[in-house]
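Lettering follows sequence order; numbering is per chain, from 1. Since the structure is predicted, the reported quantities are computational estimates derived from the model, not experimental observations. Just so you know, these numbers use all the heavy atoms, side chains as well, and skip hydrogens, waters and symmetry mates.
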Number of protein chains: 2
Amino acid sequence: MRKVRTFSSDIDLVKERRSHIVKTAVELIVKKGYNHTSTRELAAALGMSTGGLYHYIGSKDDILYLIINFTSDLTQSLLDNCTKCNNGSITQHFTECIRLYLTGVEQYRDLHNFINHVMLSLSVNDRRIVYENESRIVAYLEKVLTEGVKKGEFRAHDCKCLAHNVVAIANAWANRGWYLKRYYTIDSYIKEQTGALLTLLTGASDPVHVTAR
Amino acid sequence: MRKVRTFSSDIDLVKERRSHIVKTAVELIVKKGYNHTSTRELAAALGMSTGGLYHYIGSKDDILYLIINFTSDLTQSLLDNCTKCNNGSITQHFTECIRLYLTGVEQYRDLHNFINHVMLSLSVNDRRIVYENESRIVAYLEKVLTEGVKKGEFRAHDCKCLAHNVVAIANAWANRGWYLKRYYTIDSYIKEQTGALLTLLTGASDPVHVTAR
DNA sequence: AACGACAGAACGATCGCTCGGTAAAAATGC
DNA sequence: GCATTTTTACCGAGCGATCGTTCTGTCGTT
């Protein structure tokens, strides 16, 4: 957890301002790209001056770090929510995990696009944080799938690959939304993908529709 | 097809130099990001001066356009190759399309990462070119799948979604290669994904391994 | 009077890009 | 075929703009 410089000693104020900075920066950067978003513009969008902005951050790159850290928090709360709903069959649990994951992506679509965009601008350390976030999600899904196979509820040839595919499908909703939104809502997308996955996992002879929720 | 300014009238030389520029620029930008790659650096990497570089391009953004155009050519040749191998069963054709697509992604992984990275830096028009490339691939795959369903070879609930998933899986190989390369080679990845897709499509009760060439 | 949040002018660095110059090659004249 | 002019690929110093960042000053609160 790297330190980000601030000239304020009011912890709550720093947290509030930085939260505002993260939110506004993501919006701007997704719209105009990182390099075309100047600190002046960002400050203006925040209703501050550049000096005021630098009261709460140490450098422009710190903003990236703050955003990355914010996504780490989101990942953590996603995994927490997934754990919480583990009280029915594994099929139900898996279905709910996918629903939680994908609705989360939909809710923070800008953020996911942002991550993709700035990935190559990140320092090696910051990049690792992003990697670890995704890895944790894959690992969780893989665990659920493996458990399902062990209990005979699922049949799968490669749980790791399927877990990865869920992440790929989720990323696609963010990256390729311009295309998908012509044909699907997030709900119909979830329904379709869940159906396909469960067909594969349970070997139903006909594609089934599982009520996602 | 936008025009890119040049001060040379030697068409072949322009083509050669620009090809060199595209290749070198992708390498540099993937390594350092677009904004951190200056025209000076690029010129140095090309063994030229900035003045010499601007002999063949009109602006830095033109480089992006040239790269985007290069990927359009790649997409076209991919689709051509797919069409060429349509001489067996639809299953064989579909399998071969996936193999061609994914090996192409592997071959130009830098380029695919690049596209993802600069997407938000692109002008609206250039963005559309990228979108159309992906759309054409999805459309082709969807056509193959629909044909397979019509002929009774495949069973699928939503061909469009499955076609999109292939693209998502291919993009994932480029974007998430840092993770996948720990566990798969491109060949084993193709094998695994093809197997899963065909299991879903043909409804085999056990995951089958299709020899992907 | 002291402090902290913020403003905004100013600085140094770097950027994309231009432009006058050069040396070699091609075209031209005789 | 040689000399001269024109063209062309390329160089690199330099321009103007903009960037990230700093720093001094202001104003309201304590």
Please state how far atom CE in A:Met48 lies from atom P in C:dA5, giving the value in whole angstrom units.
->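 Rounded to the whole Å, the gap is 10 Å.
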Rounded to the nearest Å, what distance is computed from the CG atom of residue A:Leu53 to the P atom of nucleotide C:dA5?
->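 For the pair A:Leu53 CG and C:dA5 P, the rounded distance is 15 Å.
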Do nucleotides 21-30 of chain D as a string where each nucleotide becomes B, S or -: B if the base has a protein heavy atom under 4.0 Å, S if just the sugar-phosphate does, - if no protein is that close.
-> BB--------
With under 30° as parallel and over 60° as perpendicular, where do the rings of B:Tyr140 and B:His93 fit, or are they tilted in between?
->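 The arrangement is perpendicular - the two ring planes meet at more than 60°.
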Quick check with a 6.0 Å cut-off and a 45 degree axis cone: is [X] positioned over the face of [Y]'s six-membered ring?
{"X": "B:Lys160", "Y": "A:Tyr179", "answer": "no"}
{"X": "A:Lys60", "Y": "A:Tyr54", "answer": "no"}
{"X": "A:Arg128", "Y": "A:Tyr131", "answer": "no"}

Nearest heavy atoms of B:Asn171 and A:Arg176, plus distance in Å =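 Of all heavy-atom pairs spanning B:Asn171 and A:Arg176, the closest is ND2-CD, 3.8 Å.
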Is B:Thr37 touching bases, backbone alone, or none of the nucleic acid, heavy atoms closer than 4.0 Å?
->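 Here B:Thr37 touches the backbone only, sparing every base.
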Specify the residues of residues 9-36 of chain A, ordered by number, for which at least one heavy atom lies under 4.0 angstrom from an atom of DNA chain C.
->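 Contacting residues: A:Asp10, A:Leu13, A:Arg17.
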Is there a donor-acceptor contact under 3.5 Å from the side chain of B:His112 to the main chain of B:Tyr108?
->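 Such a contact is found between B:His112 side chain and B:Tyr108 backbone.
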Rounded to the nearest 0.5 Å, how far does CD of B:Gln92 lie from CZ of B:Arg99?
->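 Here the rounded value is 12.5 Å.
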Ignoring backbone atoms, test whether [X] places a side-chain nitrogen or oxygen under 4.0 Å from the OP1 or OP2 oxygen of [N].
{"X": "B:His55", "N": "D:dC10", "answer": "no"}
{"X": "B:Ser49", "N": "D:dC11", "answer": "yes"}
{"X": "A:Tyr56", "N": "C:dC6", "answer": "yes"}
{"X": "B:Ser8", "N": "D:dA9", "answer": "yes"}

Kindly state each residue pair satisfying salt bridge (charged side-chain N to carboxylate O under 4.0 Å, His left out) with at least one member in residues 100-125 of chain B, sequence neighbours excluded.
->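 Qualifying pairs: B:Glu106-B:Arg109, B:Glu106-B:Lys181.
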